Amino acid sequence: MDAEQVIQECKKGSATAQKYLFDQHAEKMLLICLRYIKNREDAEEAMLNGFFNFYKNIHRFNYEGESSLLPWMKKIMVNECLMFLRKKNVFHLAAENEVKEIPANEEILSGISAEDIYKLILELPTGYRTVFNLYVIEGMSHKEIAGALHISEGTSKSQLSKARSLLQQMLLQNNHYYAREQSR
Amino acid sequence: MPESNPDKITREKINSLSKLPDPGIFDQHPAWEKLHTRLREAPVKKHRRWYYTSAAAATVFVVAGLFLTNNSSRHLSPATGTKQEALTALAREKQAGMAINKLVITPIKNIPASVIKIAVPKHGKQARIFKERKANPSAVPASETVKSLYEIETSAGNKQGNDYGAASAPQVAVPPQSTPAVAPPVRKLPVVCLNEIEDNATETPPLKRKKERSFVIKLFNTYPDNDTLFTSSSGNNIFKINLASKN
């Protein structure tokens, strides 16, 4: 079935088209939600809420190719996750001193698989992880992050700096681990 | 902030992920069932919301209509309530406003005496002063009030009039059919005496006290009974004392 046709059917309220779209993108959307919400059940709940809002507001969506569908869906999921985190009141972010960043070794980064990077991101504390996700993965500016999380720009910057520093430390530790594994 | 290369690598790697790190954990079927149930319930809520919205809108329209109707009727018919009478009242008000706009201040000599109606005094001091002023208008004292000069002048029927200069009272030429030229004189209320209100109480003359008082001691040869009447002539006087009143 064509993606545009699926969207049109979803706008009419067809359950088959809705299920088709859900099966196509559910796992990827759950990956996004898990990047923000570590708990699996909560992440699934946020994903379902995101899909629910997506179907409810699909009449506003103008299909302009596959590239227009995924960003819109992703944006809805990210917003749902941020709303969930705000409800849980997990943000106790305060402006901290920016740490001196260790320059990330591109060779190390290139050598690590996407799954391992994903797991390393999940290891970050909630505040660091959220700011890192929004800035690095979603490409938002510090001003946008500050508006979304109701924090100051300085807090956003310091949280990102800490997150990067922590990730680099973990990368170096993993690199030693991989080096040891390879030497064996 | 310029994008660093490690960020770009990280983003590309994360976006390339399409499956969970631990495959087989996520079961899509129960998740879809849950979502489908919620989606089926959603239109009912939407329907209810539509009802609430329409009811609220209808209420607002009714209240606004009532408010506007009340306001317009109050404006049109302040006293009687009928539209025609209200329009007549408005026209009358407009005419009065136009008459006020036409008012022009003119000197005394231009006012016809017939317009201004003031009673000419016929008896008493006022009549005498009036006659004197009429005979010799230039003899009006400077201390005379402007009002009295004006009254004498106008009541004399002097159509030509005298120009009193700065002392003359400026008058307003009012159309005779619209408003009276001069306010009617204040009606003097009759003085009511106490006796005129039909009080039946009779006036008694004040008692006049005697200036002298006398005491008489009498001697009787008989024992007085209950039936015995003592008078001034009965018995024998022993002695009589006259006392002068203190008052």
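The sequence lines fix the lettering, A, B, ..., with proteins before strands; numbering per chain opens at 1. Keep in mind that this is a model prediction, so the values were computed, not measured.
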Residue pair B:Arg38, A:Asn49: steps toward the side chain to side chain contact (heavy atoms under 4.5 Å, CB included) verdict | CA-CA 10 Å; B:Arg38 282 178 64 185; A:Asn49 284 339; 2.7 Å; yes
Would you please test A:Phe51 and B:Leu39 for side chain to side chain contact (heavy atoms under 4.5 Å, CB included) and show each step?
-> CA-CA 10 Å; A:Phe51 267 105; B:Leu39 285 168; over 6 Å; no
With sequence neighbours left out, the residues meeting ring-ring contact (aromatic ring centres under 6.0 Å, His included) with A:Tyr118 are none
Parallel, tilted or perpendicular: which describes the rings of B:Trp32 and A:Tyr55, with under 30° parallel and over 60° perpendicular?
-> perpendicular
Measure the [atom1]-[atom2] distance between [X] and [Y] for me, rounded to the nearest 0.5 Å.
X        : Y        : atom1 : atom2 : answer
A:Ile137 : B:Glu12  : CD1   : CD    : 10.5 Å
B:Arg11  : A:Asn133 : CZ    : CG    : 12.0 Å
B:Asp7   : A:Leu160 : CG    : CG    : 7.5 Å
B:Leu17  : A:Lys28  : CG    : NZ    : 9.0 Å
A:Phe52  : B:Leu35  : CZ    : CG    : 8.0 Å

Stepwise salt bridge (Lys or Arg N to Asp or Glu O under 4.0 Å) test for A:Glu45 and B:Lys34 = CA-CA 10 Å; A:Glu45 189 63 31; B:Lys34 208 174 170 182; 3.2 Å; yes
Best-contacting candidate, A:Met47, A:Lys19, A:Lys74, A:His25, against chain B by heavy atom pairs under 4.5 angstrom | A:Lys19
What part of A:Leu34 lies closer than 4.5 angstrom to a heavy atom of chain B: side chain, backbone, both or neither?
-> side chain
Pick one of side chain, backbone, both or neither for A:Ile121, based on which atoms fall under 4.5 Å of a heavy atom in chain B.
-> side chain
Stepwise side chain to side chain contact (heavy atoms under 4.5 Å, CB included) check, A:Arg35 with B:Ile14 = CA-CA 10 Å; A:Arg35 261 199 288 124; B:Ile14 293 293; 3.5 Å; yes
Report, as yes or no, whether the 6.0 Å neighbourhood of atom NZ on A:Lys38 holds more than 12 heavy atoms from other residues, nucleotides or ligands.
-> yes
